[in-house]
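What follows is a single structure, written as structure tokens, with notes after it.
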Amino acid sequence: MSILSMSNIKKSFGDNNVLKDISLEVNKGEVVSIIGPSGGGKSTLLRCATLLETIDGGCLKYNGIPVTHTNESGKIVYEKNLNQFRKIFGLVFQNFNLFPHFSVLKNVIDAPVNVLKKTKEEAIEEALALLKKMGLEGKENMYPCDLSGGMQQRVSIVRALAMNPDILFFDEPTSALDPELTGEVLKVIKQLADDKMTMVIVTHEMAFAKAVSDRILFIDKGLVVEEGTPAELFDDTKNDRTKQFLMNYNNI
Amino acid sequence: MAPGMVKTCAIFFFTLLFSLPLGLIFTFLHTSKNRVISGIMHFIISVLRGTPLMLQLIAVNFGPWYLFGIETIREKLIPVVIAFSINYAAYFSEIYRGGIESIPVGQYEGATVLGYSKAQTFFRIILPQVVKTILPSVTNEIITLVKDTSLASTLSYAEIFLLSQQYSNTIQQFTPLLVAGVFYYVFNLVVTVVMSRVEKKMSYYKI
Ligand SMILES: Nc1ncnc2c1ncn2[C@@H]1O[C@H](COP(=O)(O)OP(=O)(O)O)[C@@H](O)[C@H]1O
Ligand SMILES: [Mg+2]
């Protein structure tokens, strides 16, 4: 059974049809990358999946349980208790969205303690182990403003992982970083892929997408234009629009 | 003149005690999704900020008598603190509102995705950052409050200003007023020192 199932998702802002008809299934242990030109609807798709935006059509399910259903008059209705679904996924933002008034450690343990109601000791123990794994040992008492962008993004990945999600979404996790800092963040994401973490990654790092993904979606103008394994998409591109987009990236 | 100083301090502390939280309630009502509630609160705040505090003091003190024939309260500290608290709550609520609006939407989204409730998001994530950003404006307001306490003399509440004025008249000397002036000045010096300490304490992080 797939962890995430999005079928025929539609989303408009006013008369701007941002998502026209997008379906996406992600199975346990899979890494799916989403590529495509800016403005194509990639972020909106992730925001719909993570309940930051409401969909206008289609159906969203987590672990087979519907988050939305369509009522008699064709309107989308969301389940009442959405926090049960928020426990299933995590989201890593482009600009981190760490809590600046919390130390690194508190950023990581605050939600496990206050949302999952873990004991502080347990949360700290898990947080320290995760921080160590992400190369952030010894940084737990620092504040986000004292860290480089690359470290901040790794902390935000740890913060998401500390909630023990079944699936982790990334929205251009390295786009806000200086080029020399992207490597360290991509490395930890790769490490998660090796650990069989289920992930959906929106990225412009084509070489990275090719290396970590089981499947890649090329999204443009609110539609999945092409979908396949990295080999299929990069080395045997079918669609002209995909070809044209990939021409901008020559180091794949 | 010591009793006058004590009374001035009483106005000051009680006003802060009530107006700081009341201001937050005003902000909640003002930013409510319910148009009627937010409209009414908007009007109340604009009246409180757009009319003299002296007039509001008189209204709180004599209003009940004019409107309902209820005897005015003997202990003038009560109408004084009521009028001051409501008036300052209006100013604080505008400061809070500005502070809340300055917090990036990403902070709400980050918290929401982690499963924080609305209340948790506000009190754990948003409010602490708001406090830091609005501290300089709050300090300004507190300094104004120290000086505004003298308006309580309107209701014959014998705080330092009224006392020193009467005393000055009685002995036909300027000294009591000078003492009052020094008192306000030192009071605000203390306020400034305390508030900059608080600001320093919060400087361990940047937003
Ligand atoms: N909150 C919003 N309100 C209005 N329009 C939006 C909003 N969010 C995104 N859009 C529009 O949706 C389209 C897709 O945006 P987005 O999903 O961010 O694309 P991508 O992430 O692929 O660059 C853009 O035209 C953008 O202007
Ligand atoms: Mg985007």
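Only this structure's heavy atoms are used, side chains among them; waters, hydrogens and symmetry mates stay out. Protein chains get the first letters and strands the later ones, always in sequence-line order, with residue 1 at the start of each.
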- Query: Between A:V202 and A:I34, is any pair of side-chain heavy atoms under 4.5 Å apart?
  - Reply: yes
- Message: Any heavy-atom pair between the side chains of B:F12 and B:V191 that's under 4.5 Å?
- Response: yes
- Item | Shortest non-hydrogen contact from B:L163 toward B:P3 | CD1-C, 4.4 Å
- Quick one: what part of A:F85 sits under 4.5 Å from any heavy atom of chain B, side chain, backbone, both or neither? neither
- Could you give the distance from CZ (A:F89) to CG (A:L4), rounded to the nearest 0.5 Å? 9.5 Å
- Name, in order of residue number, those residues of residues 77-99 of chain B that have a heavy atom at a distance of less than 4.5 Å from a heavy atom in chain A; otherwise write 'none'. none
- Item | Nearest heavy-atom neighbours spanning A:L168 and A:P165 | CD1-CG, 4.3 Å
- Rounded to the nearest 0.5 Å, what separation is found between the CE atom of A:M199 and the CD1 atom of A:I3? 11.5 Å
- Message: What I'd like to find out is whether the side chain of A:V188 reaches to under 4.5 Å of the side chain of A:L192, using heavy atoms alone.
- Response: no
- Message: Just to be sure I understand the criterion: a residue of residues 144-156 of chain B counts if one of its heavy atoms is under 4.5 Å from a heavy atom of chain A. Which ones qualify?
- Response: none
- Which bit of A:L116 comes within less than 4.5 Å of chain B, counting heavy atoms only: side chain, backbone, both or neither? neither
- Supply the atom-to-atom distance A:L60 CG to A:I9 CD1, rounded to the nearest 0.5 angstrom. 5.5 Å
- Query: Can you find a heavy atom in the side chain of B:V198 that is under 4.5 Å from one in the side chain of B:L135?
  - Reply: yes
- Proximity breakdown for A:F99 and chain B, heavy-atom pairs closer than 4.5 Å: both
- Task: Determine whether B:I100 and B:T31 make a side-chain contact, defined as any pair of heavy atoms from C-beta on separated by less than 4.5 Å.
- Result: no
- Examine whether an atom of A:L91 lies under 4.5 Å from a heavy atom of chain B, and if so say whether it belongs to the side chain, the backbone or both; otherwise answer neither. both
- Task: With the side chain counted from C-beta on, respond yes when B:K7 and B:L162 share a heavy-atom pair under 4.5 Å apart, and no when they do not.
- Result: no
- Could you tell me which residues in residues 41-63 of chain B have at least one non-hydrogen atom under 4.5 Å from a non-hydrogen atom of chain A, sorted by residue number? none
- Query: When rounded to the nearest 0.5 angstrom, what distance separates CG in B:L22 from CG in B:L17?
  - Reply: 11.0 Å
- Message: Using a 3.5 Å distance criterion without hydrogens, assess whether the side chain of B:S32 forms a donor-acceptor pair with backbone atoms of B:F28.
- Response: no
- Message: With a 4.5 Å cut-off on side-chain heavy atoms, are B:V113 and A:F93 touching?
- Response: yes
- For the residue pair B:L177 and B:S164, what are the closest heavy atoms and their distance? CD2-OG, 3.7 Å
Which atom pairs, one donor and one acceptor, sit under 3.5 Å between chain B and chain A?
| residue | atom | partner | partner atom | Å |
| --- | --- | --- | --- | --- |
| B:G106 | O | A:N97 | ND2 | 3.3 |
| B:Q107 | NE2 | A:L98 | O | 2.8 |
| B:E109 | OE1 | A:R47 | NH1 | 3.0 |
| B:E109 | OE2 | A:R47 | NH1 | 3.1 |
| B:E109 | OE2 | A:R47 | NH2 | 2.7 |
| B:T112 | O | A:R86 | NE | 3.4 |
| B:G115 | O | A:N83 | ND2 | 3.3 |
| B:Y116 | OH | A:D110 | OD2 | 2.6 |
| B:Y116 | OH | A:A111 | N | 3.3 |
| B:Q120 | NE2 | A:N114 | O | 2.9 |
| B:R124 | O | A:H101 | NE2 | 2.8 |
| B:R124 | NE | A:D110 | OD1 | 3.4 |
| B:R124 | NE | A:D110 | OD2 | 3.0 |
| B:R124 | NH2 | A:D110 | OD1 | 2.6 |

- Note on the structure: Here the pair of heavy atoms bringing A:A123 nearest to A:V113 is CB-CG2, 3.7 Å
- Message: Measuring only between side-chain heavy atoms, which start at C-beta, is A:I157 closer than 4.5 Å to A:L130?
- Response: no
- Query: Looking only at heavy atoms, what is the nearest atom pair of A:L105 and A:A127, with distance?
  - Reply: CD1-CB, 3.8 Å
